[in-house]
Amino acid sequence: MKRAVFFLLPLMAGLSWAQQAPSDAPTPNGTIATVINFPVEKVLTPSVADLYCAGFVRKPEPRSNFVTGGTESPFNTNFSNGEAIYLHGKGYEVGQQYTIIRELQDPNRYELYPGQFAAMKAAGRPYEELARVRIIDTRPRMAIARIEFSCDSVAPGDLVIPFEEKQIVNFHPPLRFDRFALANGQATGRILLAKDFDSELGAGGTVYVNIGSNQGLKVGDFLRAERLAEAVTRDAVDSLSFKADAYEMTQNEPPLVNPSVLDRGHGPVIHTDQMPRRGVGEIVILGTTPTTATGMIVFSLEPVHVGDTVELDQQ
């Protein structure tokens, strides 16, 4: 009996592997689709919190309307769901909804890629979406609002802007992700910044790119996040790997990687700028401004970096 069991176990394992193993299939352009160059892309679906807590990058918002405190002020300076807060400014009416946002600054002040500070200055300011509130009463110089939904705690000085309903995002079924796809001629840009000033993100992470509605981008569009080997060689940390000797001890003529001067008598020359770009993930657009967009990473093969290039994906 034991022999029969031991015999069946490898057989069942083999059958299970055969069912799960992806089958190679030719694509319309004649290449072979495998899990290496065409992995199956199963995207995430943004939640309500993903939509309304995503934040954005845009030109500076007016500072005339802002939070001054709450019921327990001055003893309490952080407010969340269900609490009453006081809003300074004009134009408030009972029943109106507003969004509380915070203009951000990165305390680290470190460029994640060359030119990031200049690119951010051209794009605008980063803002965090903190809460949705409803006006429940008004006074001559202030309004009283109740926090109906919060992403983070609200503090005095946070800004108040009109509430805008977010558009629901439609998703495509699982598809083959062409990891080494050539440029398709669509709108291209770069990941300027990430939520919470992260530098590397996976599925579910929020990023901000430097292309928007002026380039035809709209909510629900998908962007491919791409990385070039040449871009890696310009990174202050990652480039250290390219400065190491790339050879095996048994090689008669080791190759030169990105040589500044081609030395005679050496082996082949490896040019990283000629290597194919590789797709690292897929981003769905949650919101746009004329020059920027907010996106959520819904699929990733490896960490997506701030500074990676993006391209509109029309598959």
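This is a predicted model, so every value here is computed, not measured.
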[X], [atom1] atom: more than 12 neighbouring heavy atoms under 6.0 Å:
{"X": "Glu164", "atom1": "CD", "answer": "no"}
{"X": "Glu148", "atom1": "CD", "answer": "yes"}
{"X": "Ile161", "atom1": "CD1", "answer": "yes"}

Carboxylate-amine/guanidinium proximity below 4.0 Å for [X] and [Y]:
{"X": "Glu302", "Y": "Arg227", "value": "yes"}
{"X": "Glu41", "Y": "Arg224", "value": "no"}
{"X": "Arg139", "Y": "Asp137", "value": "yes"}
{"X": "Arg277", "Y": "Glu311", "value": "yes"}
{"X": "Glu61", "Y": "Arg63", "value": "no"}

Main-chain N/O of [Y] paired to [X] side chain as donor or acceptor, under 3.5 Å:
{"X": "Asn108", "Y": "Tyr110", "value": "no"}
{"X": "Asn65", "Y": "Gly89", "value": "no"}
{"X": "Arg179", "Y": "Gly279", "value": "yes"}
{"X": "Thr288", "Y": "Ser213", "value": "no"}
{"X": "Asp308", "Y": "His305", "value": "yes"}
{"X": "Asp198", "Y": "Glu200", "value": "no"}

With the side chain counted from C-beta on, respond yes when [X] and [Y] share a heavy-atom pair under 4.5 Å apart, and no when they do not.
{"X": "Tyr92", "Y": "Val160", "result": "yes"}
{"X": "Val40", "Y": "Leu175", "result": "no"}
{"X": "Ile144", "Y": "Thr138", "result": "no"}
{"X": "Leu301", "Y": "Pro39", "result": "yes"}
{"X": "Cys151", "Y": "Phe149", "result": "yes"}
{"X": "Lys90", "Y": "Ser64", "result": "no"}
{"X": "Val67", "Y": "Tyr86", "result": "no"}

Applying side-chain hydrogen bond (donor to acceptor under 3.5 Å, both in side chains), name anything that partners Asp221, two or more places apart in sequence or on another chain. Lys218
What's the separation between atom [atom1] in [X] and atom [atom2] in [Y], rounded to the nearest 0.5 Å?
{"X": "Leu104", "Y": "Ile101", "atom1": "CG", "atom2": "CD1", "answer": "9.5 Å"}
{"X": "Thr188", "Y": "Asn210", "atom1": "OG1", "atom2": "CG", "answer": "8.5 Å"}
{"X": "Thr292", "Y": "Ile211", "atom1": "OG1", "atom2": "CD1", "answer": "10.0 Å"}
{"X": "Thr291", "Y": "Leu192", "atom1": "OG1", "atom2": "CG", "answer": "9.0 Å"}
{"X": "Gln116", "Y": "Glu111", "atom1": "CD", "atom2": "CD", "answer": "6.0 Å"}
{"X": "Glu129", "Y": "Thr99", "atom1": "CD", "atom2": "OG1", "answer": "6.5 Å"}

Please report the C-alpha distance between Val306 and Tyr113 in whole Å, then the side-chain angles of each, then the deciding distance to 0.1 Å, and finally whether the side-chain contact (heavy atoms from CB on, under 4.5 Å) criterion is met. CA-CA 8 Å; Val306 172; Tyr113 60 88; 3.7 Å; yes
Evaluate Val298 against Phe222 for side-chain contact (heavy atoms from CB on, under 4.5 Å), listing each step before the verdict. CA-CA 9 Å; Val298 293; Phe222 285 85; 4.1 Å; yes
Any idea which heavy atoms bring [X] and [Y] closest together, and the distance?
{"X": "Pro156", "Y": "Thr68", "answer": "CB-O, 3.9 Å"}
{"X": "Ser153", "Y": "Asp158", "answer": "O-OD2, 4.4 Å"}
{"X": "Val304", "Y": "Ile191", "answer": "CG1-CD1, 3.5 Å"}
{"X": "Ser80", "Y": "Ile147", "answer": "O-CD1, 3.3 Å"}
{"X": "Phe180", "Y": "Pro276", "answer": "CD2-CB, 4.4 Å"}
{"X": "Ala131", "Y": "Val154", "answer": "CB-CG2, 3.8 Å"}

The single option from Arg58, Lys59, Arg125 passing salt bridge (Lys or Arg N to Asp or Glu O under 4.0 Å) against Glu103: Arg125
Under the side-chain contact (heavy atoms from CB on, under 4.5 Å) criterion, do Arg278 and Glu226 qualify, and how do the steps go? CA-CA 6 Å; Arg278 69 179 190 270; Glu226 307 276 358; 5.7 Å; no
For Val169 and Val219, run side-chain contact (heavy atoms from CB on, under 4.5 Å): C-alpha distance rounded to whole Å, both residues' side-chain angles, the deciding distance at 0.1 Å, then the answer. CA-CA 7 Å; Val169 176; Val219 173; 4.1 Å; yes
Without placing hydrogens or testing angles, list every side-chain donor-acceptor pair under 3.5 Å for residues 43-57, not counting sequence neighbours.
unit_1: Ser47; atom_1: OG; unit_2: Ala49; atom_2: N; d: 3.4
unit_1: Ser47; atom_1: OG; unit_2: Asp50; atom_2: N; d: 3.2
unit_1: Ser47; atom_1: OG; unit_2: Asp50; atom_2: OD2; d: 3.1
unit_1: Asp50; atom_1: OD2; unit_2: Ser47; atom_2: N; d: 2.8
unit_1: Tyr52; atom_1: OH; unit_2: Glu165; atom_2: OE2; d: 3.1
unit_1: Tyr52; atom_1: OH; unit_2: Lys166; atom_2: N; d: 3.0

I want to check a possible cation-pi pair here: Arg134 against Phe163, using under 6.0 Å from ring centre and within 45° of the ring axis as the test. no
